[in-house]
Participant: 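Got a structure for you, written out below as structure tokens; questions coming shortly.
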Amino acid sequence: MKRRDLLRAGVLTGAAAALGAQKSLAQAPAPSAAAPSASELTPAQRGVDASKDLAGPNWKPLFFDEHQNATLIILSDLIIPATDTPGAKAALVNRYIDLVLAAETSENQRAFLNSLSYLDGESMRRYKSAFRYLSREDQDDLLHGIAYPDAGSQWTGQATSREANTGHTHFEQLKHRIGVAFYNSEIGTRELGWDGNYTHGVFQGCDHPEGNHK
């Protein structure tokens with residue numbers, strides 16, 4: 001056999017061996033992963049419906065203290081009151097915000113608490129009492145004073161009030177959180193037109209007799 005033929009035979013033999021080794025590796029069963037223990041499973045994986053926790057009678061805030069929680073309940077009810085449909089208080093907006101903030105960054109937590117504290121600070125400055133203890137009329141009056149930005153006046157030459165716009169910024173932060181929480185609740189989504197049906201419904205498996213899928 002010529003040297004070229006010997007080289008060709010060697011190359012073919014080596015290629016066949018390499019392909020055989022790759023095929024064996026590809027067909028080898030993957031190592032089985034150990035099943036997670038019960039303590040490693042999330043509540044959803046364990047079959048727990050955590051969506052009901054917020055409405056539980058023994059609910060306690062994870063992030064707010066008692067005063068902050070009570071203030072937020074009153075504020076949310078003023079921003080989205082009950083009309084012919086339930087409002088923010090019935091939607092448990094305070095509990096949803098508490099749950100979200102408990103998992104937020106410290107920067108976002110401080111921003112929200114600063115806005116809530118601003119409300120109490122303004123209330124003490126104007127009425128010598130914390131916001132939660134004011135009459136409904138005074139609470140409304142305070143909120144109307146910060147709900148709109150102060151753009152000054154081109155007619156009178158009155159300058160923009162920096163303090164008023166600071167209050168408006170804090171109000172917008174609180175209103176945004178409350179609005180998002182409300183329209184992510186069941187009550188809020190029903191107000192937007194949700195009829196209670198889920199998009200995909202219940203999965204219906206094949207009900208044909210075995211071996212007959214025509």
Participant: Which pair of heavy atoms, one from Ser129 and one from Leu134, lies closest together, and at what distance?
Facilitator: CB-CD2, 3.9 Å

Participant: Would you name the heavy atoms of Leu62 and Ala102 that are closest together and state the gap between them?
Facilitator: CB-CB, 3.9 Å

Participant: Applying a strict under-4.5 Å side-chain criterion to I, L, V, M, F, W and Y, I'd like to know whether Ile73 and Leu119 cluster together.
Facilitator: no

Participant: I need the minimum non-hydrogen distance between Gln173 and Ser115, along with the two atoms involved.
Facilitator: CG-OG, 3.4 Å

Participant: If two hydrophobic side chains count as joined below 4.5 Å and joins carry through other members, does Ile80 share a cluster with Leu192?
Facilitator: yes

Participant: Between Leu72 and Gln68, is the side-chain contact (heavy atoms from CB on, under 4.5 Å) condition met? List the steps.
Facilitator: CA-CA 6 Å; Leu72 183 56; Gln68 292 163 347; over 6 Å; no

Participant: Is a donor on one side and an acceptor on the other found under 3.5 Å between the side chain of Asn165 and the backbone of Pro149?
Facilitator: no

Participant: Any chance you could lay out the side-chain contact (heavy atoms from CB on, under 4.5 Å) test for Leu78 and Asp140, step after step, and finish with the verdict?
Facilitator: CA-CA 7 Å; Leu78 285 162; Asp140 276 330; 3.4 Å; yes

Participant: With sequence neighbours left out, what residues match His67 under side-chain hydrogen bond (donor to acceptor under 3.5 Å, both in side chains)?
Facilitator: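 In terms of side-chain hydrogen bond (donor to acceptor under 3.5 Å, both in side chains), with neighbours along the sequence ignored, His67 is linked to Asp120, Arg132.
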
Participant: Mind jotting down which residue pairs meet the salt bridge (Lys or Arg N to Asp or Glu O under 4.0 Å) criterion with at least one end in residues 82-93? Sequence neighbours excluded, please.
Facilitator: none

Participant: Between Leu92 and Ala55, which heavy-atom pair has the shortest distance, and what is it?
Facilitator: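 Leu92 and Ala55 have their closest heavy atoms at CD1-CA, 3.8 Å.
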
Participant: Can a salt bridge be assigned to the pair Glu172 and Lys175 using a cut-off of 4.0 Å between side-chain N and carboxylate O?
Facilitator: yes

Participant: Hey, could you give me each pair passing ring-ring contact (aromatic ring centres under 6.0 Å, His included) that has a residue in residues 68-110? Not counting sequence neighbours.
Facilitator: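 Matches after skipping sequence neighbours: none remain.
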
Participant: Please report the interatomic distance CG(Asp65) to CG(Leu113), rounded to the nearest 0.5 Å.
Facilitator: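 Those atoms lie 8.5 Å apart.
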
Participant: What pairs with Phe112 under ring pair (Phe, Tyr, Trp, His ring centres under 6.0 Å), at least two apart in sequence or on another chain?
Facilitator: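 Phe112 satisfies ring pair (Phe, Tyr, Trp, His ring centres under 6.0 Å) with Phe64 only.
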
Participant: Do Thr166 and Glu122 touch side chain to side chain, with heavy atoms closer than 4.5 Å?
Facilitator: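 Not in contact.
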
Participant: Closest approach of Glu191 and Phe182, non-hydrogen atoms and distance?
Facilitator: OE1-CZ, 3.8 Å

Participant: According to the ring-ring contact (aromatic ring centres under 6.0 Å, His included) rule, which pairs have a member within residues 125-144, sequence neighbours left out?
Facilitator: none

Participant: Calculate, to the nearest 0.5 Å, the distance between atoms CD and CG belonging to Glu137 and Leu142 respectively.
Facilitator: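 So the CD of Glu137 and the CG of Leu142 are separated by 12.5 Å.
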
Participant: Ile178 and Ser76: which non-hydrogen atoms are nearest, and at how many Å?
Facilitator: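 Scanning both residues, the minimum pair turns out to be CD1-CA, 3.7 Å.
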
Participant: Got a sec, which pairs hit salt bridge (Lys or Arg N to Asp or Glu O under 4.0 Å) with one end in residues 177-189, sequence neighbours left out?
Facilitator: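 Every pair satisfying salt bridge (Lys or Arg N to Asp or Glu O under 4.0 Å) with a residue in residues 177-189: Glu104-Arg177, Glu186-Arg190.
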
Participant: Does the side chain of Thr85 reach to within under 4.5 Å of the side chain of Ile187, using non-hydrogen atoms?
Facilitator: no

Participant: In terms of hydrophobic clustering (I, L, V, M, F, W, Y; side-chain heavy atoms under 4.5 Å; direct or indirect links), are Leu101 and Phe171 co-clustered?
Facilitator: yes

Participant: Hey, any chance Val93 and Val180 share a hydrophobic cluster, counting ILVMFWY side chains that come within less than 4.5 Å of each other, even indirectly?
Facilitator: no

Participant: Would a hydrophobic clustering, with Ile, Leu, Val, Met, Phe, Trp and Tyr connected at side-chain separations under 4.5 Å, put Ile74 with Ile97?
Facilitator: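 Same cluster.
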
Participant: What do the steps show when you test Leu75 against Asn94 for side-chain contact (heavy atoms from CB on, under 4.5 Å), and what is the final call?
Facilitator: CA-CA 9 Å; Leu75 176 63; Asn94 64 302; over 6 Å; no

Participant: I'd like to check Leu99 versus Leu54 (side-chain heavy atoms, cut-off strictly below 4.5 Å). Are they in contact?
Facilitator: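 Answer yes - side chains close enough.
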
